[in-house]
Amino acid sequence: MVVLAAGVVTRSGKALLSRQFADMSRVRIEGLLAAFPKLVSADRQHTYVETDSIRYLYQPLESMYLVLVTNKGSNILEDLETLRLMGKVVTDFVLPLEEDYVAAAAFDLIFAFDEVVALGGHKENITSGQVRQNIEMESHEEKLHKMIIQSKINETKDVMKKKAMEIERSKIEGGRRPGGPGMGGVSSGMGGYSGGGMGMAGAGQLPPSYSQPEPSFGGASLAGPAATGPPSKSLRKGMKLGGGKPGGASILASLKAEGEAVEDVSSAAEVASAPVEMPKEPVFVSVEEKLSVELNKDGGLEGMDVSGSMTMLVNGDNKCVKVALASAPSSSFQFKTHPNIDKNLFSEQNVIGLKDPSREFPTAAALGVLKWRYQGAMDESAVPLMISCWPSISGGESFINIEYECSAPFDLHDVQIVVPVPALSSPPKVNQIDGDYQYDARKSAFVWKNDLIDADNASGSAEFVVPAADPSAFFPIHVSFTATKTLAGLEIDRVTGVNTGEDIKHGLKMSLVTDNYLVE
């Protein structure tokens, strides 16, 4: 009373795939499956046929059959239930029901058959939804862990960039100081009154300055310029950014024409060499939040991670200060203060201050005073921007419908929704779109742009058409945006002196950026 094998065959008897649950040679199963179509009669309405020792249970699948091979002693009612379940599994994993798509999903189907029937041929107590879940082997904890690791890696990269900029800035400032590294007090030249040979003089043989005119021949001096004079043009030559061949400008222009973001090298070098401007306010508070979200193709939430930090830079005369928040932060976040910050003061009064009120904040260096991470429920209402995408094929073309819905209590800026598309010879045809769009030919991507999403355009949609392609070709979708508010709801009310209680002028920079926002 067991299932011997399960397979998918064509009408002519060609085996596309087969999974055996009992010891059976390849020649044996191929012979059984090849004989099956000859036993099926068009005028019979049964879903099974029998031989002397074998029973076939089958279900038509377009131009193919799903076949269960059992012995005649097996319980036919249980086998029919197994057949119906396997039919649902096949239609879940293969769409459309064609030979090429069955062959492409062969391994997934074999694994799915193993979930339905155990080794030995006995049916498992399982549903088609549980089969798909087991095959995908999705783990919310694993995805969240990967997102946290990626967030830490990105934070480390940011720290490395800041350190590199500080080292470069110190090098530039060191080179501008008087008596900095350089060459001086050494003269070299071509000399000699006989034969025009090469002559050298050590630094110890020459006086510190040399102003006596050199012997000349025909009015031309034989000696090189004095050490105190300007360097020769040949000595000034060196590597020069942006000074390559004339073709470089045309290459940059062609890249820009293809939609690639190209930055001018000379302007980038000037920006890098420019000194970093320090905030002029006595106290400057910086709040930064990073958001990572993973949505599935149906618009559901798979994972979400929000991490933020607050730093303070104190430059004024009064360095004993405290920062009062406008209201209590969101309870969906877990907050962690710096060891020197009074934790009770923050939790009870929403005030950030040092444990020792008489102690001063460090100057000329930003100090991280607060960090937080999202610990709330993983539901769609917590996501600031929901994205849904429905690719469909009609008449040899793929119609891609995208929709966004913003539930954030603040405005989103520079919103970009990047949809991958197959390589095209011409831009996609856009039937309707709320906002602007751009086709990036180099990256084969359709970019939907909105400079601002607020209450007036909290929802929007777009539709574009490309040649027919598999729906999975339009995923994953990358989303990016910025905001001047945070999901944690931090708002600075005032900055006061600990001893005086007077308000202190302060600067504030608050930003929310996307780190890894995907729909896949």
Side-chain angles (χ1 to χ4, degrees), residues 151 259 261 285-310 325-333 372-374 376-390 400-419 428 430-440 445-464 476-493 506-519:
S151 177
V285 182
S286 177
V287 179
E288 182 180 0
E289 201 170 64
K290 293 184 179 180
L291 171 64
S292 296
V293 172
E294 184 177 352
L295 304 172
N296 57 37
K297 298 178 182 179
D298 300 326
L301 176 62
E302 295 292 333
M304 176 176 171
D305 179 58
V306 184
S307 60
S309 63
M310 176 189 290
L325 304 182
S327 60
S330 173
S331 59
S332 300
F333 290 79
W372 59 91
R373 189 174 294 278
Y374 182 72
M378 289 294 172
D379 54 16
E380 298 177 6
S381 62
V383 181
L385 188 67
M386 293 296 298
I387 307 294
S388 301
C389 181
W390 295 278
I400 295 86
N401 290 272
I402 318 172
E403 187 177 54
Y404 74 79
E405 185 173 354
C406 179
S407 60
F410 45 78
D411 299 344
L412 305 183
H413 302 271
D414 302 325
V415 181
Q416 289 194 3
I417 302 173
V418 182
V419 184
V430 179
N431 292 338
Q432 180 269 332
I433 192 166
D434 295 328
D436 300 325
Y437 73 93
Q438 175 189 355
Y439 172 60
D440 192 337
F446 179 87
V447 185
W448 183 11
K449 298 181 177 181
N450 273 288
D451 295 334
L452 175 66
I453 292 181
D454 55 14
D456 296 332
N457 61 341
S459 60
S461 60
E463 182 185 63
F464 64 93
I477 298 174
H478 293 261
V479 183
S480 63
F481 57 82
T482 62
T484 56
K485 302 286 185 179
T486 62
L487 295 173
L490 289 179
E491 293 285 349
I492 306 300
D493 181 26
H506 67 279
L508 175 63
K509 178 184 178 183
M510 190 172 295
S511 65
L512 167 65
V513 296
T514 54
D515 186 24
N516 192 27
Y517 208 113
L518 297 176
V519 182

Quick one: does S461's side chain get under 4.5 Å of Q432's, heavy atoms only? yes
side-chain contact (heavy atoms from CB on, under 4.5 Å) against S332, all qualifying residues, sequence neighbours excluded: S330, Y374
Quick note, side chain to side chain donor-acceptor pair (under 3.5 Å) partners involving residues 479-488, not counting sequence neighbours, are K485-E491
By side-chain contact (heavy atoms from CB on, under 4.5 Å), A483 pairs with (sequence neighbours left out) F410, L412, L512
With sequence neighbours left out, write down each residue that passes salt bridge (charged side-chain N to carboxylate O under 4.0 Å, His left out) with D515, or none if nothing qualifies. none
Partner residues of N296 under the side-chain hydrogen bond (donor to acceptor under 3.5 Å, both in side chains) criterion, sequence neighbours left out: E302
Going by side-chain hydrogen bond (donor to acceptor under 3.5 Å, both in side chains), name the residues that satisfy it together with K449, two or more places apart in sequence or in a different chain. Q438
Taking side-chain contact (heavy atoms from CB on, under 4.5 Å) as the test, write out the residues that go with N450, two or more places apart. Y404, V415, W448, I453, N457
Mind checking side-chain hydrogen bond (donor to acceptor under 3.5 Å, both in side chains) for K290 and listing every partner two or more places apart, or none if nothing turns up? D158
Could I get the full list of side-chain hydrogen bond (donor to acceptor under 3.5 Å, both in side chains) partners for N516, not counting sequence neighbours? none
Show your reasoning for whether side chain to side chain contact (heavy atoms under 4.5 Å, CB included) applies to I387 and I402. CA-CA 7 Å; I387 307 294; I402 318 172; 4.1 Å; yes
With E463, which residues qualify under side-chain contact (heavy atoms from CB on, under 4.5 Å), at least two apart? F399, N401, N431
Step through the shown structure and confirm whether more than 12 heavy atoms of other residues, nucleotides or ligands are within 6.0 Å of CD on E405. no
Under the rule for ring pair (Phe, Tyr, Trp, His ring centres under 6.0 Å), what residues qualify as partners of F446, not counting sequence neighbours? Y437, F464
For S331 and F333, run side chain to side chain contact (heavy atoms under 4.5 Å, CB included): C-alpha distance rounded to whole Å, both residues' side-chain angles, the deciding distance at 0.1 Å, then the answer. CA-CA 5 Å; S331 59; F333 290 79; over 6 Å; no
Give the C-alpha distance, both sets of side-chain angles, the deciding distance and a yes or no for side chain to side chain contact (heavy atoms under 4.5 Å, CB included) between M310 and L490. CA-CA 10 Å; M310 176 189 290; L490 289 179; 4.1 Å; yes
